[in-house]
Protein chains: 4
Amino acid sequence: MSPIDTPAAVGRPAAKRGRPRRADADDAILAATLELLSEVGVAGLSMDLLAQRAGVGKATIYRRWDSKEALILDTLRMMSTPIPVPDEGTVRDDLFAYMDAVIQHFRPGRGSDTLPHLIEASCYDDQLRASLDHYLRDRQSTTRLILHRGIERGELPVDTDVDLITDVILAPFFYRHLLTGATVDREFTHRLVEFALR
Amino acid sequence: MSPIDTPAAVGRPAAKRGRPRRADADDAILAATLELLSEVGVAGLSMDLLAQRAGVGKATIYRRWDSKEALILDTLRMMSTPIPVPDEGTVRDDLFAYMDAVIQHFRPGRGSDTLPHLIEASCYDDQLRASLDHYLRDRQSTTRLILHRGIERGELPVDTDVDLITDVILAPFFYRHLLTGATVDREFTHRLVEFALR
Amino acid sequence: MSPIDTPAAVGRPAAKRGRPRRADADDAILAATLELLSEVGVAGLSMDLLAQRAGVGKATIYRRWDSKEALILDTLRMMSTPIPVPDEGTVRDDLFAYMDAVIQHFRPGRGSDTLPHLIEASCYDDQLRASLDHYLRDRQSTTRLILHRGIERGELPVDTDVDLITDVILAPFFYRHLLTGATVDREFTHRLVEFALR
Amino acid sequence: MSPIDTPAAVGRPAAKRGRPRRADADDAILAATLELLSEVGVAGLSMDLLAQRAGVGKATIYRRWDSKEALILDTLRMMSTPIPVPDEGTVRDDLFAYMDAVIQHFRPGRGSDTLPHLIEASCYDDQLRASLDHYLRDRQSTTRLILHRGIERGELPVDTDVDLITDVILAPFFYRHLLTGATVDREFTHRLVEFALR
DNA sequence: GATTAACCGAGACGGTACGTCACGTCTTTAA
DNA sequence: TTAAAGACGTGACGTACCGTCTCGGTTAATC
């Protein structure tokens, strides 16, 4: 979910009236959100605190985002450092490298309650549900890219079920991380990749 | 997490003094919780409302459970109808049948915010985290049973990695359900089972 | 308080530069204020609503009046229908007639919170305090006129304390109206007039 | 308006259940209100600040009073030092002395916006209107007592209209104080008393 | 005719206070 | 001692206004 009222339509002159939105407020708010997420987590991030930190009125936040959660999701989208696409030469090694990075990325810490929070919030907000879905499917793109590259190279059969393998590789990671709390280490992800490419 | 202070040790007369705990309060509370979960979801389940519904003081609830979430988890454990263990003759058909039932069980509805809520809450409460892990690993037992039965029957090789296959079958279900919002239907679970048993 | 910057001095060309004030904006604002006062009272009259109703920007209002209350007071001054000066032949009958009209004028209704609001606001704004004083003393002029006419006619002694009698007749009306909530009817005002002229 | 739910009915054992209201909270709240009224006036008295000052949750205040204004009125009733009943020997001197004290009491200062605030608020709240009426009529009792004492002593005729004279003496004070802003000094109140007793 | 300065409607801005709600604890009387 | 009832302190919520500011765009008097 992007900030509300983004004049997405190209070519429309937007016929702006009234004082325009402060251009730098979005950034200030997103930056403050990112700061607070890592300092106090989602649980400690109140809208009052956020507004104060961003040097902004609460109304300015609500004018731009529908909810705290829409804002947080946008913060993840815009501010979080992306996991780079590895290029080790083979699908197997690319997936090994990528999953190593994923493990690093989901280290437990102050911000590790963010994704669970968004998941719960999306139960009550269809628009957020759609945005979160879109965001998380986007994060599959690296895995998909690696697999497609493998098919092009002839390393994988042309009829490889990319969707399924993507799920099979990524899902157990989140399943263990969020649900069963089982160990997620390199040994596990490597075993998983071997199984998926078997 | 079981109710606090359960006189687990048999034989100890407990040397009770004062008014004894109401024997039926636990059940009344669990039943009211289950009712409210399906009526208003976790989001609408406040402790005040719950106490009123159960005809119980709030302190009585907190005397028996550490938190709202511990209670909810116990409610799931005690009150929710278990998914029966199928016995179709082959591992493949057992897993097909089981996953069909799982799909039914996680139909969207009033109570479908329960698991996400517990997942988030477990970020802030180590004891809950442990209890939830235990509960969810418990729910893997049917899948494991089916696989072990297959090994005994000689249907699966003796060195089958039961842990991994369990994750590979169950994880994508929750991953799609909670994270990407992708379709989860019989076609998908069947494809998944085929892949896992390939 | 009149609109700010009124070029009161006649003959001074004021050497205006720039676009002149919209001539009809004052009226539009005053009219909208009067409308809203009777529709939603002072309490419901927000500056945003008022600007919208008058088809005017908020800044245009603040350019012309110092505050919401200065505007409201001006609205009363300019727009409210004045109570006519009676001429019944005697001081007694004139006062009877006038007080009857006053009773009518202060009927309870949507706009009856206006005066109390101005009274409170004038606690925080010396200029408003002065303007309100001036306005309310102005409204004594009819009573004063009636009394002075009586003195000229020889109906009242020449040393009549007009100030005091004015207060004695008008004050109990407002005192009961605003403070004690006691009944204010013709019987009361007549008794009052009789006492004052005794 | 007294604190909500006061078990006014005598003889009813009240059949109290649950934790009783903190006995000292009322006092703490009233005292904090009085403090803040004199420090920052009604305008600066926010419920958050008040709760903090009283060492009490906001909900505790709202549990006991319907509104900020009901609380303020109660504060006046309970905490404000009453004007003593003078006993100078004659009605005239008693009234002189009393009005002198009234003038002192309504000195301008931090708390002088309190009465105007309550008057406005009572436009929007019938219960407050009734309470304020009752409070202000109560404050007439000293004047009435002085007049009745005069009748008993034979100093005033038995058919003296006590209601009217009370209004005639007190009303101009508030009228000038709140409305016209005219001078209210000893000279004026003495002239007023002389006129009323004429 | 070009420039300039004050105006215009619209609406975003930083603040502040509101009254409600839920949390988990505490305090009463009764059993 | 536990029970039901319900008050407690805390703190976040999302809304509504305030009075100011900032746009793009008029509209005159001045140059």
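Here the structure is a predicted model, which is why all the values come from computation and not from measurement.
The phosphate of E/dC26 (OP1 or OP2) has no side-chain N or O of D/Arg22 nearer than 4.0 angstrom. A sub-4.0 Å separation between OP1 or OP2 of F/dA3 and a side-chain N or O of B/Arg64 is present. A sub-4.0 Å separation between OP1 or OP2 of F/dT20 and a side-chain N or O of C/Lys58 is absent. For E/dA12, the OP1/OP2 oxygens have no side-chain nitrogen or oxygen of A/Thr60 closer than 4.0 Å.
Take C/Arg19 and apply the side chain to side chain donor-acceptor pair (under 3.5 Å) test, not counting sequence neighbours, and it matches no residue. For D/Asp48, the salt bridge (Lys or Arg N to Asp or Glu O under 4.0 Å) partners are D/Lys58, not counting sequence neighbours. A search for side-chain contact (heavy atoms from CB on, under 4.5 Å) contacts involving C/Ser122 returns C/Leu128, C/Arg129, C/Leu132, not counting sequence neighbours. Annotation: side chain to side chain donor-acceptor pair (under 3.5 Å) contacts of D/Glu39 (sequence neighbours excluded): D/Arg53.
Listed nucleotides E/dC18, F/dC18, E/dC23 differ in distance to B/Lys68; the shortest reach to its side chain belongs to E/dC23. Closest approach to the D/Tyr62 side chain among F/dT2, E/dT20, F/dC21 is made by E/dT20 (side chain taken as heavy atoms from C-beta onward).
For B/Gly57 against B/Ala51, the heavy-atom pair with the smallest separation is C-CB, 4.2 Å.
Within residues 34-49 of chain C, no residue places a heavy atom under 4.0 Å from DNA chain E.
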Tabulated below should be each protein N or O lying under 3.5 Å from an N or O of nucleotides 2-5 of chain E; please produce it.
none

